[in-house]
Amino acid sequence: MLFEGECKPIPQSLARRMRGVSWHETLPGGFVGLGFAELRLLTVSHWNFEYQLARGELIVASQVADAVLDVFAAIFEARFPIAKLRLIDEYGADDERSMADNNSSAFNCRLIGGTTRPSRHALGLAIDLNPVQNPYIVRGNVHPKAALTYVDRADLRPGMLSEGDSVVSAFARIGWTWGGTWHEPKDYHHFELSR
């Protein structure tokens with residue numbers, strides 16, 4: 001089977017759904033969000049955990065859309081499974097709910113938790129993959145809770161990311177860094193365009 005990927009501007013019907021949920025004109029602290037014209041909706045084929053063909057959606061900044069399609073083509077070719085790939089709006093833009101459902105996502109106009117700084121997700125320059133298999137660990141706390149059995153990174157299982165694997169390498173080729181290499185916090189599911 002061949003990878004299928006599509007990139008298109010945000011349809012008006014989707015823009016209406018996103019407004020006040022994952023899209024905000026401004027955020028506390030004065031951050032001015034991206035306009036809809038600066039975003040792209042990607043629809044990509046991927047393998048699920050039963051290794052069946054699935055289709056998912058994500059939103060990224062227009063400037064990185066083509067490169068991100070290339071990454072998802074590489075992920076597909078490597079047969080790396082992705083549990084779900086749904087827009088964060090299906091979770092009310094609630095990152096915790098999305099992670100708990102093992103959803104992989106991208107754009108979400110929000111601040112970095114506990115700060116007044118915009119997340120790279122707010123810029124459409126970050127993607128999270130399989131948060132249950134690839135937890136966020138800060139000060140010993142594991143998010144989501146279902147990820148506790150995946151904290152041991154030496155016990156690699158399907159859907160887990162590791163340094164130098166095909167997924168991490170595909171993101172590195174387009175200049176994105178992996179949160180699994182960070183010291184604190186460890187953000188194993190997170191990729192972002194290098195600053």
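Keep in mind it's a predicted model, so treat the numbers as computed, not measured.
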Sequence-distant partners of K186, salt bridge (charged side-chain N to carboxylate O under 4.0 Å, His left out), two or more places apart: none

Donor-acceptor pair, E184 side chain versus R139 backbone, under 3.5 Å? yes

Does Q12 CD have over 12 foreign heavy atoms under 6.0 Å away? no

Roughly how far, to the nearest 0.5 Å, is CD of Q63 from CG of L193? 7.0 Å

Before you tell me yes or no, could you show the steps for F107 and L58 under side chain to side chain contact (heavy atoms under 4.5 Å, CB included), namely the whole-Å CA-CA distance, both residues' side-chain angles and the distance that decides it to 0.1 Å? CA-CA 7 Å; F107 175 77; L58 66 157; over 6 Å; no

With sequence neighbours excluded, what pairs up with R79 under the salt bridge (charged side-chain N to carboxylate O under 4.0 Å, His left out) test? none

hydrophobic_cluster_shared for F3 and V167, side chain cutoff 4.5 Å: yes

Side-chain heavy atoms of T43 within contact of E6, under 4.5 Å: yes

May I ask you to check whether W178 and F171 place their ring centres under 6.0 Å from each other? no

Salt bridge (charged side-chain N to carboxylate O under 4.0 Å, His left out) against D89, all qualifying residues, sequence neighbours excluded: none

May I ask you to test the F191-V68 pair for a side-chain heavy-atom distance under 4.5 Å? no

Once salt bridge (charged side-chain N to carboxylate O under 4.0 Å, His left out) is applied, do any residues pair with D101, and if so which ones, sequence neighbours excluded? K84, R86

Test item: N103 side-chain N/O and I88 main-chain N/O as donor-acceptor pair under 3.5 Å: no

For W23 and C109, indicate whether the former's side chain and the latter's backbone hold a donor-acceptor pair under 3.5 Å. no

Determine yes or no for a side-chain-to-main-chain donor-acceptor pair under 3.5 angstrom, with R97 supplying the side chain and Y91 the backbone. yes

Are D187 and H189 close enough, and set up right, to give a side chain to side chain donor-acceptor pair (under 3.5 Å), and what steps lead you there? CA-CA 6 Å; D187 202 350; H189 58 254; 3.2 Å; yes

Over all heavy atoms of both residues, which pair between L2 and F76 is shortest? Give the atoms and the distance, please. C-CE2, 3.7 Å

Within the structure provided, determine whether L85 and H46 are in side-chain contact (heavy-atom separation under 4.5 Å). yes

Rounded to the nearest 0.5 angstrom, the CZ-OG distance for R40 and S62 is 4.5 Å

Report, as yes or no, whether the 6.0 Å neighbourhood of atom CD on E96 holds more than 12 heavy atoms from other residues, nucleotides or ligands. yes

Which pair of heavy atoms, one from D152 and one from M160, lies closest together, and at what distance? O-CE, 3.9 Å

Side-chain donor-acceptor pairs under 3.5 Å in residues 24-39, sequence neighbours left out?
| unit_1 | atom_1 | unit_2 | atom_2 | d |
| --- | --- | --- | --- | --- |
| H24 | NE2 | V21 | O | 3.0 |
| E38 | OE1 | G35 | N | 2.7 |

Please answer whether the main-chain N or O of A83 pairs with a side-chain N or O of N102 as donor and acceptor at a distance below 3.5 Å. no

Answer whether the closest heavy-atom distance between the side chains of S105 and I127 falls below 4.5 Å. no

Linking I/L/V/M/F/W/Y whenever their side-chain heavy atoms sit closer than 4.5 Å, directly or via other members, would L123 and L42 fall into one cluster? yes

Heavy-atom nearest pair, H121 first then R110, reads CD2-NH2, 3.3 Å

Report yes or no: do V132 and V142 belong to one cluster of Ile/Leu/Val/Met/Phe/Trp/Tyr joined by side chain heavy-atom distances under 4.5 Å? no

If hydrophobic clusters are built from ILVMFWY residues whose side chains come within less than 4.5 Å, do V151 and L161 share one? yes

Hey, what do you get for CD (E77) to CE (M1), rounding to the nearest 0.5 Å? 13.5 Å

Any side-chain heavy atom of S194 within less than 4.5 Å of one from W176? no

Intermediate values then yes/no, side chain to side chain contact (heavy atoms under 4.5 Å, CB included), E57 and L41: CA-CA 7 Å; E57 294 180 318; L41 173 64; 4.1 Å; yes

Closest non-hydrogen atom pair between S162 and L156, with its separation: OG-CD1, 3.7 Å

Measure across A106 and V60 and return the closest heavy-atom pair with its distance rounded to 0.1 Å. CB-CG1, 4.1 Å

For the residue pair M18 and I10, what are the closest heavy atoms and their distance? SD-CG2, 4.1 Å

Would you say R117 and L111 make side-chain contact, with heavy atoms under 4.5 Å? no

Cluster link I82 to L87, ILVMFWY, side chain under 4.5 Å: no

With sequence neighbours left out, the residues meeting ring-ring contact (aromatic ring centres under 6.0 Å, His included) with F80 are none

R153 vs N134, test: side chain to side chain contact (heavy atoms under 4.5 Å, CB included). Steps then yes/no. CA-CA 9 Å; R153 306 310 289 175; N134 301 291; 2.7 Å; yes

In the structure I gave you, are the side-chain heavy atoms of P131 and D128 within less than 4.5 Å of one another anywhere? no

Could you tell me whether a side-chain N or O of S104 sits under 3.5 Å from a main-chain N or O of N130, the two making a donor and an acceptor? yes

Please check: side-chain N/O of S169 versus main-chain N/O of D165, any donor-acceptor pairing under 3.5 Å? yes

State plainly whether the residues D155 and R157 are in salt-bridge range, i.e. N to O under 4.0 Å. yes

Show the numbers, then the answer: is there a side chain to side chain contact (heavy atoms under 4.5 Å, CB included) between R17 and E90? CA-CA 10 Å; R17 228 175 83 209; E90 293 189 31; 4.1 Å; yes

Tell me, do Q133 and Y188 make a side-chain contact under 4.5 Å, heavy atoms counted? no

Residue R55 excluded, over 12 heavy atoms near CZ under 6.0 Å: yes

